[in-house]
Amino acid sequence: MKILVLDDDDTRHRRFRQWFVGFDVVHAFTIEQFNREYLRGTWNYVFLDHDLNDNQYRSIEKIDGDNIPGYVGPCQRELTGKDAAHMVAESPGNVEHVVVHSWNRSGGDEMMSILRDSDVECTRWEFNPKEDLKLK
């Protein structure tokens, strides 16, 4: 089974490693890493977190500040799991099932909406390191 995990938290990645012993697992900490790995292969499962700036990893994109009233100059936009969900929605043939595992309820719900609109099979699950994870 091939699994791709997007999360910025080392502790969560360690827990995923414990759960997925024996599987082919790739860990991505940023949107850039996720996009590169996602397009590189096909996946049985993709796990997506929403908030990606919680630790030392930075996922940001420079955008033009001209479209923000009262702001002059360059600015940055945080890249989140929604950006990963859009990548999956644009290339749904690369994955069998997506699990949105974010504790950010509104962000996770927005990701699910993006994925449902693309007919990708997806599940909403709030990551709990004390729970045991079972894959079908």
Side-chain angles (χ1 to χ4, degrees):
M1 187 172 306
K2 289 186 65 176
I3 299 169
L4 176 59
V5 177
L6 171 64
D7 203 303
D8 68 330
D9 187 320
D10 291 324
T11 302
R12 285 176 150 192
H13 279 285
R14 279 193 297 276
R15 188 63 173 135
F16 277 119
R17 279 187 194 95
Q18 292 171 344
W19 284 327
F20 299 147
V21 170
F23 296 125
D24 182 6
V25 182
V26 173
H27 296 268
F29 293 82
T30 67
I31 290 294
E32 181 182 355
Q33 290 172 339
F34 174 82
N35 289 347
R36 183 176 55 247
E37 296 298 335
Y38 182 76
L39 293 174
R40 205 181 290 208
T42 56
W43 307 94
N44 299 102
Y45 283 90
V46 168
F47 285 79
L48 299 177
D49 187 26
H50 180 271
D51 301 328
L52 299 175
N53 270 351
D54 298 339
N55 290 330
Q56 70 268 34
Y57 304 100
R58 293 305 227 178
S59 293
I60 53 178
E61 171 183 88
K62 294 186 185 307
I63 60 173
D64 184 357
D66 291 342
N67 59 346
I68 301 171
Y71 184 85
V72 178
C75 62
Q76 296 179 332
R77 177 180 75 86
E78 177 185 5
L79 299 176
T80 69
K82 287 184 277 198
D83 295 285
H86 282 295
M87 168 63 76
V88 171
E90 291 167 12
S91 302
N94 289 43
V95 63
E96 290 177 23
H97 194 99
V98 176
V99 178
V100 175
H101 68 267
S102 180
W103 277 4
N104 180 329
R105 186 159 301 215
S106 62
D109 289 347
E110 289 177 45
M111 292 167 64
M112 290 295 292
S113 178
I114 292 164
L115 294 165
R116 280 191 201 110
D117 287 347
S118 68
D119 293 327
V120 172
E121 186 178 328
C122 53
T123 302
R124 179 79 171 94
W125 170 70
E126 290 186 13
F127 182 96
N128 182 344
K130 295 178 182 177
E131 264 180 27
D132 205 14
L133 178 64
K134 303 221 185 316
L135 298 179
K136 57 181 174 173

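Note that these values count all heavy atoms, side chains included, but never hydrogens, waters or copies made by symmetry.
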Hey, what do you get for [atom1] ([X]) to [atom2] ([Y]), rounding to the nearest 0.5 Å?
| X | Y | atom1 | atom2 | value |
| --- | --- | --- | --- | --- |
| D9 | R14 | CG | CZ | 8.0 Å |
| R17 | D10 | CZ | CG | 8.0 Å |
| S106 | H50 | OG | NE2 | 7.0 Å |
| E37 | L4 | CD | CG | 7.0 Å |
| N35 | T30 | CG | OG1 | 8.5 Å |
| T80 | D8 | OG1 | CG | 11.5 Å |

So, for [X] and [Y], which heavy atoms are closest and what is the spacing to 0.1 Å?
| X | Y | answer |
| --- | --- | --- |
| L115 | A85 | CD2-O, 3.8 Å |
| K2 | N44 | N-OD1, 2.7 Å |
| G107 | N104 | N-OD1, 2.8 Å |
| M87 | F34 | CG-CE2, 4.2 Å |
| E121 | E96 | CB-O, 3.6 Å |
| H101 | R124 | C-NH1, 4.2 Å |

task: Please test D7 against F47 for side-chain contact (heavy atoms from CB on, under 4.5 Å), starting from the C-alpha separation and ending with a verdict.
output: CA-CA 8 Å; D7 203 303; F47 285 79; over 6 Å; no

message: For G41, is there any backbone N or O sitting under 3.5 Å from a side-chain donor or acceptor partner on N94?
response: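 A pair under 3.5 Å: yes.
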
Geometric class of the H27/H13 ring pair [parallel <30°, tilted 30-60°, perpendicular >60°]: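 If you compare the ring of H13 with that of H27, the planes turn out perpendicular.
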
Hey, does [Y] have a side-chain heavy atom less than 4.5 Å from the side chain of [X]?
| X | Y | result |
| --- | --- | --- |
| L6 | Y38 | no |
| M112 | V98 | no |
| S113 | D109 | no |
| L79 | L52 | no |

Worked check of side-chain hydrogen bond (donor to acceptor under 3.5 Å, both in side chains) between Q33 and R36: CA-CA 5 Å; Q33 290 172 339; R36 183 176 55 247; 5.7 Å; no

- request: Please find out if less than 6.0 Å separates the ring center of Y45 from that of F20.
  value: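 Centroid distance Y45-F20: not below 6.0 Å, so no.
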
field: Transitive ILVMFWY side-chain link I114 to L39, under 4.5 Å
entry: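 Looking at the clustering, L39 is in a separate group from I114.
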
